[in-house]
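Below, read A as the first sequence line, B as the second, and so on, with proteins coming before strands; counting in each chain starts at 1. Below, each value reflects all heavy atoms present in this structure, side chains not excepted, and no hydrogens, waters or symmetry copies. No experiment lies behind these values; they were computed from the predicted model shown.
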Amino acid sequence: GAGVSQSPRYKVAKRGQDVALRCDPISGHVSLFWYQQALGQGPEFLTYFQNEAQLDKSGLPSDRFFAERPEGSVSTLKIQRTQQEDSAVYLCASSPNVRGEQYFGPGTRLTVT
Amino acid sequence: EDQVTQSPEALRLQEGESSSLNCSYTVSGLRGLFWYRQDPGKGPEFLFTLYSAGEEKEKERLKATLTKKESFLHITAPKPEDSATYLCAVFISGGSNYKLTFGKGTLLTVNP
């Protein structure tokens, strides 16, 4: 069956540009998570949705980061006015419930030049 | 502050040489401990979930165990295809927090 998909897989942005990263979760999964992974590090939590409700956004590093999931399925992570420190792999994960195992997509590698 | 520490950072084994990876944690409100495998350029792949001390789970050459303070991932007679980064994560929940907190991972290399 189809897993979690993310697009684009790679994105190069000039400093100051806005970017939008898309996540298509596994069909029927209620919970959706975004993580940021720097090279050589484990993923770090950004935000969590239950259906269309954003229940936890405590990991978003600044107000330049914004996430939405308007219909409770596809989610978009938007980064405004990108900075070099935003360069990382952005991972999306979905789960049938908040406590269950999370299934990850392949990630979007963002490089800010 | 909730912490997850994995050791060693890197481990090199010969094919067939069994070993263990460690994940120690200091968290409150633990609701589960997860093990993932991550290959270069890919997202983490789910392996196991453990919910309570004393629990064990197995899959092929891998066995995960959990105590109140740490978890071990035992690898029996590893093969080169087991080479990957192994990530441990704890799930905590409370108030408005719902998240996996990951360790930095152990990079396992199995030589033929």
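The two residues L91(A) and P44(B) have their closest heavy-atom pair at CD1-CD, 3.9 Å. Minimum interatomic distance between L87(B) and G42(A) (heavy atoms only, all atoms of both residues): CD2-CA, 4.2 Å.
Heavy-atom contacts from other residues, nucleotides or ligands closer than 6.0 Å to CZ of R61(B) number more than 12. For K57(B), the NZ atom is densely surrounded, since the number of other residues' heavy atoms within 6.0 Å is greater than 12. Heavy-atom contacts from other residues, nucleotides or ligands closer than 6.0 Å to CD of E81(B) number more than 12. Annotation: R64(A), atom CZ; neighbour count of heavy atoms from other residues, nucleotides and ligands within 6.0 Å is above 12. Enclosure of atom CD in E68(A) by more than 12 non-hydrogen atoms of other residues, nucleotides or ligands within 6.0 angstrom is indicated. Atom CD of Q83(A) has more than 12 neighbouring heavy atoms from other residues, nucleotides or ligands inside a 6.0 Å radius.
Between chain B and the residues P43(A), P106(A), G107(A), the largest count of heavy-atom pairs under 4.5 Å involves P43(A). No other option in Q41(A), E44(A), Q102(A) has as many heavy-atom pairs under 4.5 Å with chain B as Q102(A). Taking chain A as the reference chain and counting heavy-atom pairs below 4.5 Å, the highest number among T85(B), L100(B), T49(B) is found for L100(B).
Checked against the 6.0 Å centroid threshold, F104(A) and F46(B) do not count as a close aromatic pair.
Residues I26(A) and F49(A) do not share a hydrophobic cluster, defined by chaining ILVMFWY side chains whose heavy atoms lie under 4.5 Å apart. Both Y48(A) and F34(B) belong to a common hydrophobic cluster when Ile, Leu, Val, Met, Phe, Trp and Tyr are linked at side-chain heavy-atom distances under 4.5 angstrom. There is a path of hydrophobic side-chain contacts, each under 4.5 Å, that joins V112(A) to V19(A). If you chain together hydrophobic residues whose side chains sit under 4.5 Å apart, F65(A) and L32(A) fall into the same group. F48(B) and L33(B) fall within a single hydrophobic cluster, where Ile, Leu, Val, Met, Phe, Trp and Tyr side chains are chained together by heavy-atom contacts under 4.5 Å.
Heavy-atom proximity under 4.5 angstrom to chain A picks out G103(B), K104(B) from residues 103-112 of chain B.
The part of R9(A) that comes within reach of chain B is its side chain, from C-beta onward, which places non-hydrogen atoms under 4.5 angstrom from that chain. Using a 4.5 Å cut-off between heavy atoms, Q38(B) touches chain A through its side chain atoms alone. Only the side chain of Q37(A) comes within less than 4.5 Å of a heavy atom of chain B; its backbone N, CA, C and O stay farther away. Y36(B) touches chain A through its side chain: at least one heavy atom from C-beta onward sits under 4.5 Å away, while N, CA, C and O do not.
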Task: ring-ring contact (aromatic ring centres under 6.0 Å, His included) assessment of Y35(A) paired with F102(B) - done: CA-CA 10 Å; Y35(A) 293 85; F102(B) 282 85; 5.8 Å; yes
